[in-house]
There are 2 protein chains.
Amino acid sequence: MAGTSTIDSAASIIRRRILDGVLGPGARLPEEQTSAELGVSRHTLRAALRQLVSEGLLRHEPNRGVHVPALTPADVSDVFRIRRMIELDAIEEIALVGNVPSGATSAVDGMEALGLSAAWHQVVEQDMRFHWALVEAAGSPRMVRTYAAIHAEIAYCLVQLRPHYDRPAQVAKEHRDLLAAIVARDGELAVVRMRAHLLEAETTLLGAIPAATHSERFPIWKE
Amino acid sequence: MAGTSTIDSAASIIRRRILDGVLGPGARLPEEQTSAELGVSRHTLRAALRQLVSEGLLRHEPNRGVHVPALTPADVSDVFRIRRMIELDAIEEIALVGNVPSGATSAVDGMEALGLSAAWHQVVEQDMRFHWALVEAAGSPRMVRTYAAIHAEIAYCLVQLRPHYDRPAQVAKEHRDLLAAIVARDGELAVVRMRAHLLEAETTLLGAIPAATHSERFPIWKE
DNA sequence: CCGCGGACGATTGTTCCACAATTCTGTAGC
DNA sequence: GCTACAGAATTGTGGAACAATCGTCCGCGG
């Protein structure tokens, strides 16, 4: 499985379940039941849960276990604020040296290869590959580590954007333009475009989310 | 101890030992011995070690345990690059709204209260309180989380800066000037000053580190 | 009828023990 | 001096147990 250690693969499985909506907002993860389900010991499961808590995909309350948090509009804004902080820094850096990461290029190619009927999660996957490649190309191990720490939350935001995403071709074009700015070694333009790109995604998300979470949140979780 | 859970306090103790130099670069932490020493079980210790690995204070190699990494000049630069990314973003935000965090003010007061003979670690402590307060005041939970993730590494850098730090009064003045820019709601000036502040610290560090680690690194660790 | 307190069951946090898999060490042999 | 290999040490994971905490249900009184 992803990550050779048992802990990592347990974390991957749970992460996937959250991102796929199998575990919705408010869902609790009892240790005994969950560990039995995954076929790992409680110790291993707990380590995996701690990992996911640090990624923001789960919330922990002492003596009360973990649960899947609901994404509030404030959370979405906060996630995108961090995205801007990291990705604007990254894209400026790689634009200045004109370093076009091959992973980003191939991600855009992948987007363009998707037809109109492409499943939204395929678009999301390529989109995240693109942005990940950009951050990696900035050449800072700790920036990658930092980005990894909110990567899952970004995905958690995006999967809820389902019906409001533009057509794949439109998404691809935006990313193509970002690459163009990098190729042109125009750091300022790259930053401007990336900022616009991220702000637009945030705005779209903020329009899409509230209705969706509202109906799903209250049956399970109260606060 | 700090953090009510056993795991957190174990992590705190080990973190302290690393920052205090009790555990130098290259030092290994055998699980059985270390857990016995701290009076916790191996599982608990392992959880604490995973935490410290995620903070960058320890490095893990599969089936070979964890060890204290040596700080290379590249590491110092990378840490400060992330500091600039986060703290410039934070200070711009709080300068724009003129939000002067009380923790930052009191940290500067604390610096000025330190005499010429103050232990360097006291200066570091106030310095870190100052910067932490700034990041907190930016009002982004995930920025705080992100900063927390490299906070220990920042400290790990700073403790090695010992003899090269300016006098407390000089350090205090620099921070006072940062506060002044915030009070004046001059975001641009605040950013400029913060960048200069961080770049200067980095430069000082890069001049100080190589000699120190070189002598300590080889007796224990080879690569 | 509704709220309050306490017993009981469920869950978490942590420990001790066990054991396969891997790595390290020291020694014998070439 | 170097390699090969056996034995020791260490890591990665599982299982059972238990105190502490939390949640729930029931009976009681207002």
Side-chain angles (χ1 to χ4, degrees), chain A residues 1-15 17-18 23-55 57-69 217-223, chain B residues 1-15 17-18 23-55 57-69 217-223:
Chain A
M1 302 274 172
T4 72
S5 92
T6 307
I7 294 173
D8 286 344
S9 45
S12 292
I13 293 173
I14 299 172
R15 192 185 298 112
R17 288 187 185 176
I18 296 172
L23 294 170
R28 306 202 296 134
L29 302 214
E31 295 179 358
E32 193 150 5
Q33 174 185 331
T34 309
S35 61
E37 216 171 298
L38 297 186
V40 303
S41 83
R42 256 185 77 211
H43 290 299
T44 302
L45 177 81
R46 284 171 64 81
L49 294 181
R50 286 176 69 84
Q51 167 77 28
L52 293 168
V53 166
S54 82
E55 291 176 11
L57 280 186
L58 292 177
R59 222 171 286 296
H60 170 92
E61 282 164 295
N63 290 313
R64 298 180 60 196
V66 302
H67 62 85
V68 183
R217 187 159 144 219
F218 284 105
I220 319 181
W221 198 33
K222 57 172 187 272
E223 187 170 40
Chain B
M1 296 280 171
T4 72
S5 94
T6 309
I7 294 173
D8 286 344
S9 45
S12 292
I13 294 174
I14 299 172
R15 190 184 299 112
R17 288 188 185 176
I18 295 171
L23 293 170
R28 307 202 296 133
L29 302 215
E31 296 180 357
E32 192 150 5
Q33 174 185 332
T34 309
S35 62
E37 215 171 298
L38 297 185
V40 302
S41 84
R42 255 186 76 212
H43 286 299
T44 301
L45 176 80
R46 283 170 64 81
L49 295 182
R50 286 176 67 86
Q51 167 78 26
L52 294 168
V53 166
S54 82
E55 291 177 11
L57 280 186
L58 291 176
R59 222 172 285 294
H60 171 92
E61 282 163 295
N63 291 310
R64 299 180 60 194
V66 302
H67 62 84
V68 182
R217 186 159 144 219
F218 285 105
I220 318 181
W221 198 33
K222 60 175 182 272
E223 187 169 41

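A, B, ... follow the sequence lines: proteins, then strands. Residue 1 opens every chain.
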Peer 1: Within the 4.0 Å limit for protein heavy atoms, which parts of nucleotides 5-16 of chain D are touched? Write it as a string from 5' to 3', B for base, S for sugar-phosphate only, - for none.
Peer 2: ------BBBBBB
Peer 1: Taking only residues two or more places apart in sequence or in another chain, which ones pass side-chain hydrogen bond (donor to acceptor under 3.5 Å, both in side chains) with A/R64?
Peer 2: none
Peer 1: Does A/E37 CD have over 12 foreign heavy atoms under 6.0 Å away?
Peer 2: yes
Peer 1: Does any part of the side chain of B/L57, heavy atoms only, come nearer than 4.5 Å to the side chain of B/I14, both counted from C-beta?
Peer 2: no
Peer 1: So, using side-chain hydrogen bond (donor to acceptor under 3.5 Å, both in side chains) as the criterion, who are the partners of B/T44 when residues are at least two apart?
Peer 2: B/S41
Peer 1: So do the side chains of A/L45 and A/L49 get within less than 4.5 Å of each other, counting heavy atoms only?
Peer 2: yes
